Every structure is written in structure tokens, then in C-alpha cells.
Asks: 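Just passing along the structure, written as C-alpha cells.
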Amino acid sequence: MKSEAEVKTNYRVKKQKSIARIFSNHMLLTGLVIIVIMAIISVLAPFIAPYDPYAIDPLNRLKPPSVEHFFGTDDFGRDLFSRVIYGTRISFFIGAVVAILAGVIGLIVGLISAYYSILDHILMRIVDGIYAFPSILLALAIVAVRGPDVVNVLIALVIVYIPSIARVVRSAALVVKEQTFVEALNAQGASKWRVLVIHTIPNLLSPLIIQVTFVFAVAIITEAALSFLGAGIPAPSPSLGNILFDGKNVIYHSWWMTVFPGSFIILLVLGLNLAGDGLRDLLDPKIVNAKRKKSRLIKTGKKVGRHGQQ
Amino acid sequence: MPQPLLKVEHLKKTFPVESSGWFKKNEVKAVHDVSFDIYEGETFGIVGESGCGKSTTGRTLLRLTEPSGGKVIYQDQDIFSLKEKNFRPIREDLQMIFQDPLASLDPKKRIGYSLEEPFIIQKKGTKKERKEMVLKMLERVGFSEEHYHRFPHEFSGGQRQRIGIARALVLNPKFIVCDEPVSALDVSIQSQILNLLKELQQDFGLSYLFIGHDLSVVRYIANRIGVMYLGEMVEQAPTEELFENPLHPYTKSLLSAVPVPNPKVKRERIVLKGEVPSPLDMPKGCVFHTRCPLAMDICKEIKPPTYKVKENHRVQCHLYEHSEVSEADGA
């Protein structure tokens, strides 16, 4: 028998391995770097932005990018760089809040419908109903009824994106529910809460996280689209969407008005999607090992099964 | 005669089936009036073809599905009548080993945690004590401490089944339902697992309910065997008695299908005609009369009682109507 200490070091080796796994996952790493940079920009916006994003300067309207104004100025002479930074802040905030709220509510709704068949019928019909509308149209309708402001945009986006998460959670929970290990837990006398919290939710986590990062990205796009249509963040507050909207009118002679906010949206969404895919690989303990083994064995010219160690 | 550890009386389990009509409720009789005893330290085998209710019997015994009727007497109380809350401490004594060893372990949890969890559920021991017990049990089934932190997918099938066995045993149970524990494994691993089960039975004084469809496996491990057909136990006898002197026509045909290693031995193959009737639409009278080569008129009308042909040898068939009716059936 080894001593307690040796068992502990053994455990630490395992833990380090999971950190190493994050670093070997390039997709996740790239995505995380982009997200972290965007998050830092959002948080530190007041310190990064060189100008007040609301300060109008009629003499310097629609100036191209220069040393004073990195991204140029808009049709009111406001500094575009500062506006894009603040716009990123609002877009990132909306995306994050929508992803978290829709994720939590969707998880609860999905679990309830997986475990209570009567509520399942009711909840899933509501979900189908929401799903039947194109998401932008529905969000537009909700904002139109409640009036455009940040909170209403948030509410609209959360309502629109709960169904996709609830469905993913429900179908995954239905699979886990029928697994033999749940039966084994019942044979040991485990409480429903133990089965749910300690065993079911961790097994739902990878599809849930992928769906949440997807919602994060899509919420940013939808918010931009809403703002573009004039139903999102009301002017003069900058959001990536309403900067694009302003840029649309001058797109032929002031390209910077659309290119910069547009690239920020692309970058943000790309980062989120990369991180989502990377997380999926990381959370499945089988995938990375298989990949690494595969590349190693391909080098040595051998074929590999799903479990290389057997 | 020693007192049985577990007394199963008239166990019934039906499943509701959605039917085409809105108000018509159909049900499948998965297990229909099954009675048997399990004694301390013995292995009771249940054999039968797929869908005959073997696994359902095992699962219902442990209340993994709620029984539809009958009693299971353990330690002088009917465990079916207990509330789940009061039954929980007793679950410690009654454990189960599953057919698919990979699916029976949570893929996201390390082996150490999966084995420690029974203690946590039953609120036993300190963290250190629990770990010690888990490591001891791991060692007992042939693992070392380095396996403590591994995930289930890092093991092979036979190893996983050993982990499944270890998990069933950590709480020191008295009775284990083995639901086809070797049928998902390679033949070479099967004997290893069977021998381990036998050793552990000796060491811990366990009783097994061993469910299987492979007659040679069940013969190897079981002291007594019950033969099930369409949710009913048609015959039960000690293993050697059953193989040498099968009484029920179904048992006879089942045994005639076991291959004999010597090609020169001539033997009579009893091939049954037709299909197993649907459990949705059970035949009247004896469940086996639709396929029985020896069916008589009475079989189509009256369900045979369980006859006690010898001590320990019971059969549910009209052919043996001169024998005494078993008391289990009369009760």
C-alpha cells in the first residue's frame, strides 16, 4: 500500500494533465484569447477610449482613420474608435447576460420537461410555439410592444433563445435518465437530488455549454440586427449594430463606418464559436486522448481504434 | 431446513402499454406470479429466453421498478410495503451488478468517487475511512491505487465489470442480483469474472440471484436454477437435478439445445414450433401449451398449479398432477 501523500501526488499529476489539455487545444485557446481581449476591452472601455463617445464635433464629420482618430469619425464627428469600444462593451454585456439567463432558465425548463411528463407536454408546446417564429421577428415584436431600451432587448433575446437551450437539455437529460448508472444509483438508495445535481447535470454540461456559447454569439448578432433595424439599443448609446446602421447611409464614401464595427462583430462571434467547439472537446474526456493517440499513431503508420489503450 | 434469506412470493410486474384507443388500457405482464426462496450463501440462477422476464424479476426485487403485486420477505418484513425512506437503509444489504459495465458507471466521475458514493449515500464513515475501504475493495478485485483516479472509459470491459462488482460490494451487502454480468464480455474474460464472483461469495458469505441465458454459465455458478417462460417460473430445482432430470417440456427442449462436446453422442433435439406468444396476449391455461409437444386438452383451459415432485424440485405442468401441490402455490 502506498501512503496517502503518494496518492495525492498522483492526483496532482492528473490535474496538471487537464491544464495541459487546455493548452494543446488550439481552437479553444484562440477562442479564449479573443474572448478575453474583448472582455478586457469591454471592462476597461472608459480607460481605453481616447474620446467621449457622445461628444459631437461638427467640424470633423466623417473623417477617415488618422492618428487622432484611429477608426475615423462618424457623421456627427464622434470618434469612431471610442464608439466601437463602447459598442463592444454593450454588445458583449448583452450577449453574456442573455447567454447566462437563457442558459439557466433553459436548463431548468429542459430538466423539468425531461422528468415530468405532464409538464413536458405543456412546456414543449410553448417552446415549439416560440421556435416557430423567426427569432429576429419575435424579438422585434417584443421590443416593439415594450419599447426599445436595453432591458427590453435583454428580455426579448432571453425569451427567444430559451427554447433552443431547453430542447438540448431535455433531449440530453432523457438519454442520461435511462442510463444504467442511474439505476445503479437508485439501487444504492441515492436521492433524486443526488442523481440530478451530482450525476445528471455534469453529463449534460458539454451540450449545454456548446449551446450557451452558440446563444452568446447569436445574441450578439441578433442585438446588432435589432439595433440595425432601429429596434435595439436606442441612439445615441453606441452598440455595434446601430453604428453599422449609421454607417449604412454613408457606406460609399466612408467605408470605415461599417468595416470597423463589422469586424468587431465577426471577431467576437468567431472567438465564441471557436471557444464553444474547443470546450466541447475538452469536456469530453475521451476526445483529446483519442486525437493525440491518433496523430501519434498516424506518424508511426498504425491504425487506431476508439480506445487505443485496449 | 435453514430459513431463507429472501422469500419471494407471487411477484408480479405489469407495464402499461399505450394502445391505439384512447380509453383502452393494455398491459404487458412481464412477470406473472413468480415465487422462490434464496438461502444464505447460495446462488439461485434464473434462465430463460429473452423477454421472459428474468431481468424484470431481478430489478423488481430491488424495487428499481415498482412491483405490481406480491411480497418479498427480508429480515421478517415485506420490503415491498416499506416506504422508500424506510427502505433506503436496507438497500445497503441488497445490491446489483449490471449487464453493461460501461453504462453502469457515470462517465464523468472518477472510479474512486463512483466507489465511494455508496458510503456517501448511506452516510457512513469519515472521508479517510471511506477512501481506505474503497482502496481495499479495489485491491480485492485486482486493482491498485493508480486506478483510483481514472475514468471508466480508460478501462477494458472485464476491468469495468470488476469495478461494477467492487461497487456492489463496498457496503458489504448480503444479497446481490447479478443481471447477466458476463454476457457482454469476451468468453476468456467470462470465466475470470465468474471465478471472482465465486471467490467473493466465499469470502463475504454472499447470496446471488444470477440471471443469465447461457446455460453453461448458469450451471457453473448456480446451486439451484429456476426456468422462466413468458413471465412465469415453470420449473425450479437444484442444478444437477435439473440437468439430469428435467421435468417440464420447456426445460427439456432448452437443455436439448446445449451442445455436447462429444460428436458421437446421439441425442434427441427437441425443437419447439412457433414463436413465443406476445405477453400482451397471454394464452389461456398453461402459458406453454401453444408450443408444447406434449400438450393435452386440460392445458388449454386450466393453468397448472406448481407441483412439488421432489423436495426442492417444483414444476408447473399438468403432466405431474399426481404429485403434491406446492405449499408456496397454495398459500
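Just so we're on the same page: letters track the sequence lines, and every chain starts at 1. Computed from a prediction, not measured in an experiment: that's the story for all the values here.
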Asks: Which bit of A:L205 comes within less than 4.5 Å of chain B, counting heavy atoms only: side chain, backbone, both or neither?
Replies: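 Contact with chain B involves no heavy atom of A:L205 at all.
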
Asks: Using a strict cut-off of less than 4.0 Å between a Lys/Arg side-chain nitrogen and an Asp/Glu carboxylate oxygen, indicate whether B:E117 and A:R194 qualify as a salt bridge.
Replies: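 Result for this pair is yes, salt bridge flagged.
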
Asks: Students often mix this up, so state it plainly: with edges at 30° and 60°, are the rings of B:F143 and B:H147 parallel, tilted or perpendicular?
Replies: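 Geometry flag for B:H147 against B:F143: perpendicular rings.
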
Asks: Atom CZ of residue position A:F133 - does it have more than 12 heavy atoms of other residues, nucleotides or ligands inside 6.0 Å?
Replies: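 12 or below, so no.
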
Asks: Just by distance, no angles: are the side chains of A:Y131 and A:S164 close enough, under 3.5 Å, to form a donor-acceptor pair?
Replies: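 No, because no side-chain N or O of A:Y131 sits under 3.5 Å from a partner of the opposite role on A:S164.
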
Asks: Is there a donor-acceptor pair under 3.5 Å between the side chain of B:D93 and the backbone N or O of B:K174?
Replies: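 No; judged by distance alone, with no hydrogens or angles, the pair does not exist.
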
Asks: Do the ring centers of B:Y208 and B:F44 come within less than 6.0 Å of each other?
Replies: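 Judged by ring-centre distance (under 6.0 Å), B:Y208 and B:F44 do not meet the cut-off.
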
Asks: So does B:E92 pair up with B:K124, basic N to acidic O under 4.0 Å?
Replies: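 Yes, B:E92 and B:K124 are salt-bridged.
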
Asks: Measure B:L94 against the heavy atoms of chain A and call it side chain, backbone, both or neither at under 4.5 Å.
Replies: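 The answer is the backbone of B:L94.
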
Asks: Checking an interface table here. Which of residues 184-192 of chain A come within a heavy-atom distance under 4.5 Å of chain B?
Replies: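 So far as heavy atoms go, A:A184, A:L185, A:N186, A:A187, A:Q188, A:G189, A:A190, A:S191 are the residues that approach chain B to under 4.5 Å.
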
Asks: In plain terms, say whether B:R140 and B:E199 are close enough for a salt bridge, that is, a side-chain N and a carboxylate O under 4.0 Å apart.
Replies: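 Judged by the 4.0 Å cut-off on N to carboxylate O distance, B:R140 and B:E199 do form a salt bridge.
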
Asks: Tell me if the aromatic rings of B:F87 and B:F80 count as close, with their centers under 6.0 Å from one another.
Replies: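 Aromatic pair excluded; centres sit 6.0 Å or further apart.
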
Asks: Please flag which part of B:Q95 lies under 4.5 Å from any non-hydrogen atom of chain A: side chain, backbone, both or neither.
Replies: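 Just the side chain, heavy atoms under 4.5 Å.
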
Asks: Taking only Lys NZ, Arg NE, NH1 and NH2, and the carboxylate oxygens of Asp or Glu, determine whether B:R160 and B:D100 approach each other closer than 4.0 Å.
Replies: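 Salt bridge: no.
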
Asks: Which of the residues B:Q122, B:M96, B:R167 is involved in the greatest number of heavy-atom pairs with chain A at under 4.5 angstrom?
Replies: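 The residue among B:Q122, B:M96, B:R167 with the greatest pair count is B:R167.
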
Asks: Taking non-hydrogen atoms and a cut-off under 4.5 angstrom, which of residues 60-74 of chain B neighbour chain A?
Replies: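 Listed by number, the contacting residues are B:L64.
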
Asks: Tell me, for B:Q159 versus chain A, whether the close heavy atoms (under 4.5 Å) come from the side chain, the backbone, both or neither.
Replies: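 No part of B:Q159 comes within 4.5 Å of chain A.
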
Asks: Would you please classify the geometry between the A:F92 ring and the A:F216 ring as parallel, tilted or perpendicular, with 30° and 60° separating the classes?
Replies: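 The arrangement is perpendicular - the two ring planes meet at more than 60°.
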
Asks: B:Q190 side chain to B:V182 main-chain N or O, any donor-acceptor pair under 3.5 Å?
Replies: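 Confirmed, B:Q190 side chain pairs with B:V182 backbone.
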
Asks: Select one option (side chain, backbone, both, neither) describing which atoms of B:Y113 are under 4.5 Å from chain A's heavy atoms.
Replies: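 Interface part for B:Y113: side chain.
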
